[in-house]
Structure formats: structure tokens, C-alpha cells
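Here is the structure we will look at, set down as C-alpha cells.
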Amino acid sequence: MVTPPPRDAPPPQGSRAPEPDEPVLRLTRLLACSAIEPRLAGVLLFDLEPHLIDPVAHLFAELLGITGPPLMLGAQTRDEDLWTRTRLRQDGGQVSVSTGPGPLIEADGRDGPPQLVVVPELTRLSVAGMRAAVQLLGSDVAVVEHTGLRHIARPRARWLAVCGSAEAAQLSPHLLDRFALRVPMAELRGARPRRLLTAVPALRHATEHIAPVSVSNDALGRVRTLLGPEAGIRRELALARLARTLAALDGDRAAEARHADEAARLIGLPGVAAPKTRALERGPSSGSSGRPGAGDRPDTDRDVPGAGREAEERPGGPGRPLEGPGPEEQVGADPAVVRDTPFPEDAVSVLRDFAPLRNLWQRTMGPAAARGAVVGSRRAEDLRDLAYVPTVREAAVHQRVRQTARFTVTPADLRSHLRAGASERLLVLLLDHTCRDAAWDWTHALTPFLQWAYTGRAAAQVIEVGGADAADELKAQSFSARNVLDPRVLTALERPAGRATPLAHGVHEAGRVLRAAFRQHGNALVEAWLVVVTDGRGNVPLTVSQSGRLAGQVGAEGVEDALGAAERIGAMDRTRVRTAVVDPAREPYGDLPFRLAAALGATVVTGRPAPETDDTGEPGER
């Protein structure tokens with residue numbers, strides 16, 4: 001009894017290697033083109049079976065001459081995992097921490113094989129990974145500035161991504177167009193993984209000596225005809241470059257129209273006649289039915305007695321009519337939708353994300369302990385928010401006791417940052433210096449709010465309008481303080497008045513500060529107060545403050561802009577934002593503070609005490 005060899009066993013010594021199937025030949029030829037041409041660095045395979053991802057990646061690495069493992073990207077990929085890598089170095093008796101290029105760019109600008117990046121599910125890739133693909137694929141040069149690293153080089157990494165054709169429309173068009181080679185690989189289903197490597201030695205030898213070739217006008221015209229008038233420039237460039245690379249592989253001096261046709265067939269573009277491949281030339285005697293994709297059928301189907309005979313007709317008995325097969329019935333769940341086109345997103349219409357390459361603004365950046373100013377270090381309890389310099393300093397203290405040959409860092413040496421707690425309350429103080437005169441001290445009206453901020457340990461944001469020593473009198477000045485005890489707050493309360501009143505810019509700045517505070521701190525910010533001290537008589541329009549150019553008469557435009565900015569603040573969440581307007585009781589236009597308070601949804605606080613009256617009931621001199 002002879003035991004049959006395993007399904008994926010290599011061919012025995014001295015026997016002829018099996019002939020690769022047509023899909024395998026297409027895939028290996030495309031990967032070879034990507035290995036040769038850096039502008040074809042992105043390969044996107046649609047509907048590739050998951051168990052074939054590792055063999056295809058191994059095939060790609062063989063063509064590139066890579067011996068190490070590829071860089072795998074997924075849903076958990078962060079910017080810190082891609083662009084930078086921190087290393088501890090010992091130079092003499094000193095230890096230093098250096099930051100160098102990360103795994104995604106460390107091979108750029110150096111000799112040797114490029115990096116291979118594998119994305120098993122492109123739709124599950126994180127935003128950081130998607131942004132890296134958009135920035136690097138097809139770029140002539142990449143400039144990386146990240147946490148003290150400045151790196152400028154031409155990207156060399158090759159990307160291999162897999163995606164379902166039915167899910168392609170969910171991705172950003174900017175991301176999909178970065179992949180120059182986009183190929184449907186559903187017909188590779190059932191192929192043996194080891195058979196992918198049968199053509200590697202011949203292709204590797206063919207890619208060693210490649211001469212540059214030109215592209216003829218006939219080839220460019222054929223590319224436009226194949227893709228149609230609505231195709232983007234990236235698709236036309238990718239197909240023309242693939243045709244040029246195929247001509248170089250064949251040893252031709254220029255890419256002609258036939259190379260464009262071959263390139264279209266390789267990527268599975270519909271409407272291009274299938275070539276006469278060796279698999280089809282074998283004829284019916286080789287076991288192939290001649291239908292496209294029949295060559296990728298597993299050999300076990302042909303070896304099993306009776307397999308592949310479902311379509312044969314059985315002879316009917318005398319006087320007994322033949323009964324044809326009934327309608328097909330589907331059993332089980334619906335199969336995945338497969339679209340045999342390199343651009344499946346053009347054939348479906350689904351709802352896309354509004355900004356798929358941008359992080360959600362509600363996304364938290366870590367636990368609350370990882371935010372806030374660094375005020376010291378402490379023994380680390382986990383690997384988050386590590387303090388590298390205190391860790392190295394702590395490890396250096398014990399080196400003599402440990403008596404090791406090299407500098408050693410143990411878990412007991414790890415230190416993490418000690419951060420000041422984030423404020424749960426915020427006071428935004430908008431001071432209009434032009435509404436204050438020598439007879440009025442506005443600190444009495446502001447004292448309740450300052451006491452609230454002091455007792456609640458609230459952070460303070462002071463916005464000044466119309467100050468005498470402002471750097472630009474057409475713009476509002478702003479600064480943030482840790483609390484109201486900051487000396488700058490007292491200086492702002494006593495600042496003399498200037499000439500212009502850019503109130504609209506001040507209200508606009510207050511709205512920006514509130515929105516930024518709630519976006520940064522999220523639910524950690526419990527309460528915020530916006531206190532506006534003004535008479536409402538703004539004489540600088542918002543456009544003038546933003547542009548810095550004053551032209552012509554402004555009229556009441558400054559007042560209307562301030563009311564418009566106040567309405568946008570009034571539309572914010574009122575559960576945690578409270579507003580108040582301090583009325584200085586100035587005439588004329590004494591109703592402007594009340595109009596501003598109505599737009600803000602604020603309460604009006606009487607800032608100036610009521611005038612004293614004499615015995616006749618007439619107001620006395622104030």
C-alpha cells in the first residue's frame with residue numbers, strides 16, 4: 001500500500017516541478033513588477049482567502065530578497081509604532097536615550113532590500129496606518145518630523161494589502177488610489193499555498209537585469225481607451241507604469257499597445273480578451289475544462305473517482321424521459337459578494353465616513369492620569385507613560401551592586417511621570433478695558449466669580465479687549481493661567497484702557513477657548529463660567545481683527561459681529577457652560593449689554609452701584 005504525499009508537500013527530488021496555475025502566474029508577475037518599479041509599491045488584492053495571505057507575503061518577500069519578518073499593520077497600529085524607535089545606548093560610562101527612524105522608514109535611504117508592509121484587512125486598519133499609506137505610497141520623498149526626529153528620504157517600502165471587494169467602498173478614495181496595483185484574486189481560491197513559490201526562482205533571475213524602457217504614444221492612447229474617459233490620472237499612470245515594467249521584463253525597448261493590454265489583463269480589467277496561456281493550450285487532455293478559472297481547481301477534485309462528472313448526462317432508459325436538474329437552492333448563509341474588477345468601489349454605493357483619515361474628536365487620548373503637566377516621577381505600576389530619564393538614572397544607581405557586564409535595567413527601575421491633576425472647572429474672563437472709567441472699580445462685580453474660581457481650584461483664561469499696551473489694538477489678547485492667583489490676572493484687572501474695542505474678536509476667542517477645553521478634557525471638565533465685562537460698544541469688525549487690515553467706515557459692524565459670535569456660544573451645551581455679562585451702566589447705548597446677554601443666554605450682573613440721590617430725589621454727582 002502506497003501512502004499518498006501530503007497536500008502541500010514539496011515535489012520529490014529529480015521530478016519536474018508542477019506547472020503554476022494561471023492566477024498564480026498573474027500574481028507572481030504582478031508582484032515581480034512591484035518589486036522592480038518603486039512607483040508600483042502598493043499592491044491591493046481583493047477577496048484573497050485569509051489562509052493565502054502568509055504565502056503571498058512570503059512570495060513577495062522572496063522576490064524582494066527580504067529574509068526577516070514583514071511589518072504587520074492592523075487596528076492597533078499607532079503613530080509611535082511606525083515613525084520612531086527609541087533606543088538605549090551605552091557610550092563609555094554614560095547611558096543615553098536616542099530616537100531613530102521607526103520600522104516603516106528605517107530602510108529608506110539605505111542599501112539592501114526594502115521593508116515589506118502587510119495589511120491583512122485594509123478596512124480594519126487604524127487611522128494612523130491609513131495616513132501612513134497615503135503619505136508614503138507613490139511619494140517621491142517623505143519628510144518625517146516626530147518627537148525630535150527629522151528624517152528625509154525616498155520611501156522604498158512595499159505594501160501588500162488585502163480587502164474584500166464588497167467593503168472597498170467604505171474606504172477613502174485617497175487611500176485606494178495610492179495602491180497602484182489593485183487586483184481581484186477571488187479566482188485564486190482553492191490554490192495550494194506552496195504552488196505560489198514555484199515561479200519565484202525564474203522571476204527572481206529575470207528581475208536582476210532590468211533596463212529602463214520608454215512608453216510609446218500608442219501605449220498611452222491604449223491606456224486611456226482601456227480605462228475610459230472618467231478614470232483619474234492616478235489610474236492611468238499606474239496602468240502605464242505597469243505596461244512599461246512588463247516591457248522591461250520581456251526585454252523590449254519600449255512599451256507598446258500590446259503591453260498595455262497585457263497590463264490590463266493582469267489587473268483583471270473587464271473588456272480585455274484573455275490571452276492564450278499555457279494552461280489553456282494544454283487542452284482537454286490535461287484535465288482543464290477550458291473555462292476561465294478552471295485551472296485553479298484543486299488536483300484532489302480530479303483524483304477523486306466521480307469528481308467533476310456532475311455535468312455529464314446519464315443515458316435514459318427506453319421509454320423513460322430524462323428529467324433535468326431542478327433549480328438551484330442556496331444552502332446556508334449568503335456567500336460574500338465578489339466583484340471581478342480592480343475598481344469595485346465604482347460599482348457600489350454605500351455610506352462613507354465623513355473623514356475616514358481623521359481621528360474622532362471625542363476620542364480619548366488615554367487615562368486621565370496620562371494628561372496634565374509633569375511635576376515629577378514615581379515608581380511605575382505599568383508600562384504606560386514611562387519616564388525614560390528617571391528610569392535610567394534609577395538603574396544607574398544600582399549598577400555597581402549588580403556587577404553585570406552591561407548596563408542593566410530591571411522592572412524595579414522603571415519610573416513613570418507624576419502629573420498634576422487636571423482642573424475640573426474653568427473661568428473664562430473677558431475684560432473690555434474701554435468700558436471702565438476712573439470712577440468705577442470693576443473688581444467688586446468680579447469678586448464672586450474670582451472667589452468661585454479660587455475655592456474650586458479652577459483654571460483661568462483671561463481675554464483682554466482694548467488694553468492700552470496691547471501688541472495689536474485691533475485684536476483681543478489672551479493668556480491661560482493655572483488659577484486666579486497667577487500675577488498676570490491681577491495685572492490684567494488693573495490695565496489702563498486704550499482706543500479700539502475689538503469686542504467681536506474677544507467673544508469669538510472666548511468661544512474657541514470653551515470648545516477647545518471641552519474637546520480636550522471631555523467629561524473631566526465639570527463646569528465652566530464665561531464672564532464678560534463690557535458696555536457692548538465694539539468698534540472693530542471681526543474680519544478686521546482676523547485680517548489686520550482696516551478699510552473704510554465700519555459703522556455698527558463691530559457690534560453685529562459680537563452679537564453673532566455670542567449666538568454661537570449660546571448654542572453650546574448649557575448643562576456645563578454658564579455665562580454672565582457685567583453691565584457697567586454707561587450711556588448712550590445702555591441696552592447693548594442686555595442684547596449681548598440675550599445672545600449668550602447669560603444673566604446680567606449690575607456692575608456699577610446705583611447713584612446716590614439727594615433729598616429731592618435727583619441723582620447726585622457720582
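Sequence positions, counted from 1, serve as the residue numbers for this chain. Note that the structure is predicted; figures quoted are calculated from it, not measured.
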- Message: Can you list everything that forms a side chain to side chain donor-acceptor pair (under 3.5 Å) with H259? Sequence neighbours excluded, please.
- Response: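 Side chain to side chain donor-acceptor pair (under 3.5 Å) check on H259 returns D252.
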- Item | Any residue meeting side chain to side chain donor-acceptor pair (under 3.5 Å) with S547, in chain and number order, not counting sequence neighbours |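 With sequence neighbours excluded, S547 shows a side chain to side chain donor-acceptor pair (under 3.5 Å) to no residue whatsoever.
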Show me, pair by pair, the donor-acceptor contacts under 3.5 angstrom made by side chains of residues 121-128, not counting sequence neighbours?
unit_1	atom_1	unit_2	atom_2	d
T123	OG1	E167	OE1	3.3
S126	OG	T77	O	2.7
S126	OG	G129	N	3.3

When the side chains of residues 213-221 are checked against the rest of the protein, which donor-acceptor pairs come out under 3.5 Å, sequence neighbours left out?
unit_1	atom_1	unit_2	atom_2	d
S216	OG	A219	N	3.3
S216	OG	A255	O	2.7
S216	OG	E256	OE1	3.2

- Query: Is the charged tip of R235 near the ring of F343: under 6.0 Å from the six-membered ring centre and within 45° of its axis?
  - Reply: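 The answer is yes; both the distance and angle limits are met.
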- Task: Decide yes or no on side-chain contact (heavy atoms from CB on, under 4.5 Å) for H505 and V544, but give the supporting numbers first.
- Result: CA-CA 9 Å; H505 191 224; V544 174; over 6 Å; no
- Partners passing salt bridge (Lys or Arg N to Asp or Glu O under 4.0 Å) against R182 (at least two apart in sequence or in another chain):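 Only D177, E345 meet the salt bridge (Lys or Arg N to Asp or Glu O under 4.0 Å) criterion with R182.
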- Message: Donor-acceptor check, side chain of R224 to backbone of P229, threshold 3.5 angstrom: yes or no?
- Response: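 Such a contact is absent between R224 side chain and P229 backbone.
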- Task: Report yes or no: does T86 contribute a side-chain atom to a donor-acceptor pair with the main-chain N or O of T99 at less than 3.5 Å?
- Result: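 Flag not set: sc T86 to bb T99 has no pair under 3.5 Å.
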- Item | Carboxylate-amine/guanidinium proximity below 4.0 Å for D261 and R222 |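 Judged by the 4.0 Å cut-off on N to carboxylate O distance, D261 and R222 do form a salt bridge.
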- Item | E262 bridged to R265 by N-O distance under 4.0 Å |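 Salt bridge absent between E262 and R265.
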Which donor-acceptor pairs under 3.5 Å do side chains of residues 109-120 form with protein atoms, sequence neighbours excluded?
unit_1	atom_1	unit_2	atom_2	d
R110	NE	E106	O	3.3
Q115	NE2	P103	O	3.3

